[in-house]
Amino acid sequence: MLRSTARPLLNSTINARPSCREYHLIKHGSRPVRPGSLPNRVCSAGMATDCAGWHLLGTPREELRLEHTLPTGQSFRWRETGDDEYIGVIGQRVVQIRQLEDDVAWRIIGRAPQAAEAEDTAVLADYFNLSTPLADLVRTWSASCDHFARIQPYFQGARMLRQDPTETLFQFLCSSNNHISRIHGMVERLCSGWGTRLPLTRSDEYGGPAHHAFPTLDQLAAVSEADLRAAGFGYRARFVTGSVARLRALGGEAWLATLRAGPPDVAVAALCTLPGVGPKVAACAALFSLDAHALVPVDVHVLALATRHYLPALRGKALTPALHAQVQAAFVARFGAHAGWAHNTLFISELARYRGRVPGTTRAEEVLLARGSEVAEEVDAGPDACARVVGMDGSDASTGKGGRARRKRKGGAASVASSLVEEQMELAPTTPPQAAA
DNA sequence: CAGGTC
DNA sequence: TCTGG
């Protein structure tokens, strides 16, 4: 399942690293990690066990930052277990992973019996999509978009994962009309309730909860709608049971995997035939698991940033399938074949927890981040360098029809102004990007 | 009260 | 139409 047939698993950076070397720069950001909290040495696959099983991924910080990749909404299978450290499940393996100053260390702490140790390195490289050089792409995106260039240094290493298709589809079935925290719980209950338990191999060092593989389609077929409602799925319970049935009729996991080889629009169309799967969920599943690197899942936040920077004429419009397509086209026109990856960095920069991280953000943008795009002109009419319509014939864009005339916001300019003050006060002190130098 | 799909 | 924040 995790075996890649479409591309080589490793890049030269990974292969070229030393087999076993000392940790030199054991730091988190600017804080040194206390001695003894990390193993003395790390090893490549197959080395002796005195290295405590740790390996280096070989990814400098421009290529992978865990905090921008694991807890930012593309997977709900990771739990933060420490400062810049996570435990999660990749396929049949329980993985402990830790951010270092200019690399990432990992080790396997549990596995199914059939998960061979010899495959560990390849499985990790595949999951983290290491054959795609993020830093090179970032340079081209920064040249194409001033807004991207400005925010990107604060969100380095926001890498797209290459997750299992079935797992990804059901994770994002849960995501519709829902928030990250709740999705996390639903996915966890799905796995612990019906997935195969993965035995720990280092139980002496780990006292946390048990870990489970994501349930197979056959295991999911045994789950009733009532089970799922009891597990807190709400009306999505029927989406899950319905999609399980339809998926099995179509050929199960193997059929889903064939979508990787075909064009992205075919994958999206196929996914949209499943109950509970619309354009957004389909784009998530395709981008996060089916190698559809150009796809952009358009939710309300992505729509907001797109109208702000690329498609001002769409301001105030509803998120219809046609609009979804327009935003998708604008992203591809600007960012190219890996537009979905570029969108990922932009999406993260919009998350509430990162608000205020980019210094010099205009007052208008702060209001927009908090309130949506409708009030932009009331506060700051300054045009952004990116705010040009891209990849459209201009039929609707030039007229602005249906755009700013319809403001359905609650509260007028006065409330905007007062919220501005609140916003400014809430802003965190401007922290420089940790690796801008 | 936010948040995609039917 | 569900439920956590």
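Chain naming here is simple, since letters A, B, ... match the order of the sequence lines and numbering starts at 1 in each. The basis for the numbers below is simple: all heavy atoms, side chains too, and nothing from hydrogens, waters or symmetry mates.
Remark: Leu274(A), Pro275(A), Gly276(A) in residues 267-276 of chain A come within less than 4.0 Å of DNA chain B through at least one heavy atom.
Although no hydrogens or angles enter the test, the distance criterion places a donor-acceptor pair under 3.5 Å between the side chain of Arg260(A) and the main chain of Ser289(A). A donor-acceptor contact shorter than 3.5 Å links the side chain of Ser349(A) to the backbone of Leu346(A). For the pair Ser142(A) (side chain) and Arg139(A) (backbone), a donor-acceptor distance under 3.5 Å is absent. A donor-acceptor pair is defined here as one N or O able to donate and one able to accept, closer than 3.5 Å; such a pair exists between the side chain of Gln74(A) and the backbone of Arg159(A).
A residue-by-residue look at Asn177(A) and Arg189(A) shows that Asn177(A) has its nearest nucleotide of DNA chain C further toward the 5' end. Along DNA chain B, the nucleotide nearest to Val300(A) and the one nearest to Val277(A) differ in position, and the one closer to the 5' end is contacted by Val300(A).
Relative to the side chain of Asp299(A), the nucleotides dG4(B), dG3(B), dT3(C) differ in distance, and dG4(B) lies closest.
Using modelled atom types, one finds no donor on one side chain facing an acceptor on the other under 3.5 Å when comparing Arg65(A) with Gln156(A). Under 3.5 Å, the side chains of Gln99(A) and Glu85(A) contain no donor-acceptor pair of N or O atoms. Side-chain atoms of Thr81(A) and Gln96(A) form no donor-acceptor pair, as typed in the model, at a separation below 3.5 Å.
If you take OH of Tyr235(A) and P of dC6(B), they are 10 Å apart, rounded to a whole angstrom. Regarding His179(A), its NE2 atom lies at a distance of 13 Å from the P atom of dT3(C), rounded to whole Å. Whole-Å rounding puts the Lys280(A) NZ to dG4(B) P distance at 5 Å. Atom C1' of nucleotide dT3(C) and atom CZ of Phe239(A) are separated by 15 Å, given to the nearest angstrom. In this entry the distance linking CG of Asn178(A) with P of dT5(B) reads 12 Å, nearest Å. Rounded to an integer number of Å, the gap from Phe172(A) CZ to dG3(B) C1' is 14 Å. When rounded to the nearest whole Å, the span between CZ of Phe170(A) and P of dT5(B) equals 15 Å. The CZ-C1' distance, from Phe347(A) to dG3(B), rounds to 12 Å in whole Å.
Between Asp120(A) and Arg111(A), at least one side-chain N (NZ, or NE/NH1/NH2) sits under 4.0 Å from a carboxylate O, which counts as a salt bridge. Using a 4.0 Å cut-off between charged side-chain N and carboxylate O, Asp218(A) and Arg248(A) make a salt bridge. Salt-bridge formation is detected for the pair Arg162(A)/Asp126(A): a Lys NZ or Arg NE/NH1/NH2 atom is positioned less than 4.0 Å from an Asp or Glu carboxylate oxygen.
Contact between the side-chain N/O atoms of Arg229(A) and the OP1/OP2 oxygens of dC2(C) is found at a separation under 4.0 Å. In this model, the phosphate group of dG3(B) is approached by a side-chain N or O of His301(A) to a distance below 4.0 Å at OP1 or OP2. Of the side-chain N and O atoms in Ser181(A), one or more sit less than 4.0 angstrom from OP1 or OP2 of dG5(C).
Among the atoms of the strands shown, none is found under 4.0 Å from any heavy atom of His184(A).
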*asked:* Wobble G-U and Watson-Crick pairs count when both distances are under 3.5 Å; given that, what is the 5' to 3' dot-bracket string of DNA chain C, with | for pairing to other strands?
replied: .|||.
